Protein chains: 2
Amino acid sequence: MPQRLIRKLEHFVRLSGGDKLALQGLAQKVRAVGAHEDIIREGDNPLHVNLILEGWACRYKQLADGRRQIISFFVPGDLCDPHVFVLRQMDHSIGSLTPLRFAQIPREALLGVTDRHPRITRALWWETLVTAAVQREWTVNIGQRSALERMAHLLCELFIRLRCVGLSEGNSCPLPVTQTELADATGLTSVHVNRTLQEMRSAGLIVLRSKTLTIPDPAALQKVALFDADYLHLEHEGAHLDANEPEELPNGSTPGTSGAAWTHGGGGSGTQHG
Amino acid sequence: MPQRLIRKLEHFVRLSGGDKLALQGLAQKVRAVGAHEDIIREGDNPLHVNLILEGWACRYKQLADGRRQIISFFVPGDLCDPHVFVLRQMDHSIGSLTPLRFAQIPREALLGVTDRHPRITRALWWETLVTAAVQREWTVNIGQRSALERMAHLLCELFIRLRCVGLSEGNSCPLPVTQTELADATGLTSVHVNRTLQEMRSAGLIVLRSKTLTIPDPAALQKVALFDADYLHLEHEGAHLDANEPEELPNGSTPGTSGAAWTHGGGGSGTQHG
DNA sequence: ACACGGATTTCACACAGGTGAATGCGCGGA
DNA sequence: TCCGCGCATTCACCTGTGTGAAATCCGTGT
């Protein structure tokens with residue numbers, strides 16, 4: 001049941017009933033693994049595309065001496081590299097962060113669906129390009145932002161991505177990762193991540209308890225993060241994402257209300273050099 | 001004359017005469033700009049794909065307060081985002097670093113060629129995926145490596161990429177960027193880039209004079225960089241890249257010889273956590 | 001209820017890399 | 001040949017983040 005994926009893709013294209021049915025069909029072979037297991041290892045020859053159904057995973061790479069960088073987070077609805085087949089072998093690993101359920105989609109199944117459903121093709125393109133944009137933003141994040149800004153930025157991104165697949169509730173969302181993992185993702189140490197989170201807490205920027213993140217004042221957090229959601233390329237083709245997207249959770253619970261806007265800032269100009 | 005692009009793509013697929021001709025046809029509208037000019041600005045609606053013919057450019061993003069991160073370098077033969085059309089607007093800018101000649105390829109021209117030439121489609125896929133892999137490696141580089149390792153890694157990457165398009169000569173290649181630009185790319189300050197380069201020089205790792213980089217002992221540089229070329233996904237489909245690729249420069253000059261190997265290391269294993 | 005173990009928190013201290021500014025070099029233009 | 005200017009280089013000093021280790025906390029299983 002790739003509900004999350006469908007929900008996410010509909011931010012970009014309107015899918016027909018047939019499109020959705022076709023997407024449903026992709027999640028045949030479902031696998032489950034515990035936390036902290038590898039799904040694909042660097043050097044492996046990828047055989048299928050993985051679709052995250054439940055739980056979190058990450059893409060990571062480890063240097064010869066053990067230092068590890070988490071390159072991206074995968075949350076439900078995320079597709080790991082729809083097009084890896086072109087390359088011979090993986091240049092990074094993908095591992096679970098929490099217990100995980102995911103679908104292994106065979107290459108042919110994916111090709112079959114995209115052949116017959118141009119809207120899905122377009123939507124997967126969008127997903128691919130957004131993934132690339134996120135990767136670029138991470139480069140900026142790690143390269144230029146201070147620890148505080150960096151953590152804030154990461155949390156903004158994760159919150160929005162989760163909200164897009166219906167996993168937020170009001171200003172809260174799950175954050176089922178350890179501080180060590182946040183450290184590996186931001187290029188900081190776990191000690192400093194801790195300091196930084198404390199600082200954010202005492203500034204009232206976040207509430208973080210029992211793996212749940214709450215953002216009392218989104219505008220404030222965005223501000224310290226220098227966050228601009230444009231790179232996520234939401235609001236497209238009619239599926240206009242309201243600042244405060246109505247949350248129809250699958251189980252029908254009522255979402256908390258949030259007056260704060262997650263603005264998609266106007267285009268900055270900025271001349272190069274001078 | 002997209003010779004560089006063709007040469008690069010042939011590292012992955014064997015192109016027929018017809019394929020090459022089709023690629024030639026893409027570079028109709030050629031533009032030239034001086035150094036430090038923007039080609040595309042963040043927020044723009046991209047109208048064509050740009051193919052770098054001569055000179056260097058970069059993708060960059062600037063924070064509200066002026067900090068700038070160079071997200072990737074473009075060298076001759078590089079294609080800027082073959083698939084941007086799917087998205088509505090640019091989330092970053094592309095600017096020249098040196099005087100630049102580039103071809104503006106209209107969307108339709110590209111689509112026409114890929115429709116009729118499946119090998120080109122495959123090759124462009126490869127190019128796209130390698131670009132993504134490079135982006136991921138930059139995340140690792142900035143997130144985990146020390147200044148020295150980081151600079152070394154960047155130089156290794158640039159050298160290999162230039163060699164792939166026939167722009168190296170023996171162990172040397174052009175490096176027409178300022179230390180400030182290297183700083184923006186590595187997330188360091190120009191002062192510290194200077195220190196780092198000095199250190200590399202006095203360790204005999206590099207020779208860098210008048211915008212020309214020479215790597216006396218590639219193995220040594222790779223070692224301090226913890227560099228593993230796997231992520232560039234060379235050596236594919238028969239087009240076996242020898243460790244010391246024969247350099248048939250277009251102008252027929254004889255390349256310097258280099259016994260040193262730019263090894264494509266065997267698959268590391270590495271269990272997650274333990 | 002208890003005990004275990006991973007996760008968080010705190011501490012004292014070290015250092016890589018940042019800051020701001022001054023100096024000097026090299027190269028293109030007239 | 002000289003000038004001017006951007007770039008590289010150097011300096012003295014500072015600080016954000018890393019290090020290593022110890023001390024708690026907390027959730028989970030028994």
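Bear in mind that the values here come from a model prediction, so they are computed numbers and not experimental data. Just so you know, these numbers use all the heavy atoms, side chains as well, and skip hydrogens, waters and symmetry mates. Lettering of chains follows the sequences in order, A, B, ..., and the numbering in each one begins at 1.
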Let me know the distance between [atom1] of [X] and [atom2] of [N], rounded to the nearest Å.
X: B:His192; N: D:dC11; atom1: NE2; atom2: P; result: 16 Å
X: A:Leu188; N: C:dG17; atom1: CG; atom2: P; result: 14 Å
X: B:Arg209; N: D:dC7; atom1: CZ; atom2: C1'; result: 17 Å
X: B:Asp65; N: C:dT19; atom1: CG; atom2: P; result: 11 Å
X: A:Glu199; N: C:dT9; atom1: CD; atom2: P; result: 14 Å
X: B:Gln179; N: C:dG18; atom1: CD; atom2: C1'; result: 16 Å
X: A:Leu208; N: C:dT8; atom1: CG; atom2: P; result: 9 Å
X: A:Gln144; N: D:dT17; atom1: CD; atom2: C1'; result: 16 Å

Query - Donor-acceptor pair under 3.5 Å, A:Arg195 side chain vs D:dG16 base - result: no
Query raised in the report: With a 4.0 Å cut-off on heavy atoms, is A:Arg201 in touch with a base, just the backbone sugar-phosphate, or nothing at all?
Result: sugar-phosphate
Requested in this report: Give A:Leu197 one of three labels, base, sugar-phosphate or nothing, depending on what nucleic acid heavy atoms sit under 4.0 Å from its own.
Outcome: nothing
Consider the side chain of [X], meaning its heavy atoms from C-beta on, and name the nucleotide among [options] that approaches it most closely.
X: A:Ser146; options: D:dT19, D:dT17, D:dA8; answer: D:dT17
X: A:Asn194; options: C:dT10, D:dT9, C:dG17; answer: C:dT10
X: B:Lys211; options: D:dT19, D:dA8, D:dT17; answer: D:dA8
X: A:Ala147; options: D:dT17, D:dA8, D:dC7; answer: D:dT17
X: B:Val191; options: D:dT19, C:dT10, D:dT10; answer: D:dT10
X: A:Thr178; options: C:dG17, D:dT10, C:dT8; answer: C:dT8

Looking at [X] and [Y], what are the two nearest heavy atoms and their distance?
X: A:Thr214; Y: A:Ser172; answer: OG1-OG, 2.7 Å
X: B:Arg150; Y: B:Ile142; answer: NH2-O, 3.4 Å
X: A:Ala35; Y: A:Leu97; answer: CB-O, 3.6 Å

Query raised in the report: How many angstroms lie between SG in A:Cys156 and CG in A:Leu232, if you round to the nearest 0.5 Å?
Result: 10.5 Å
Query raised in the report: Looking at B:Gln198, does any N or O in its side chain come under 4.0 Å of the phosphate oxygens OP1/OP2 on D:dT10?
Result: yes
Query raised in the report: Does a side-chain N-to-carboxylate-O contact under 4.0 Å join A:Asp78 and A:Arg4?
Result: no
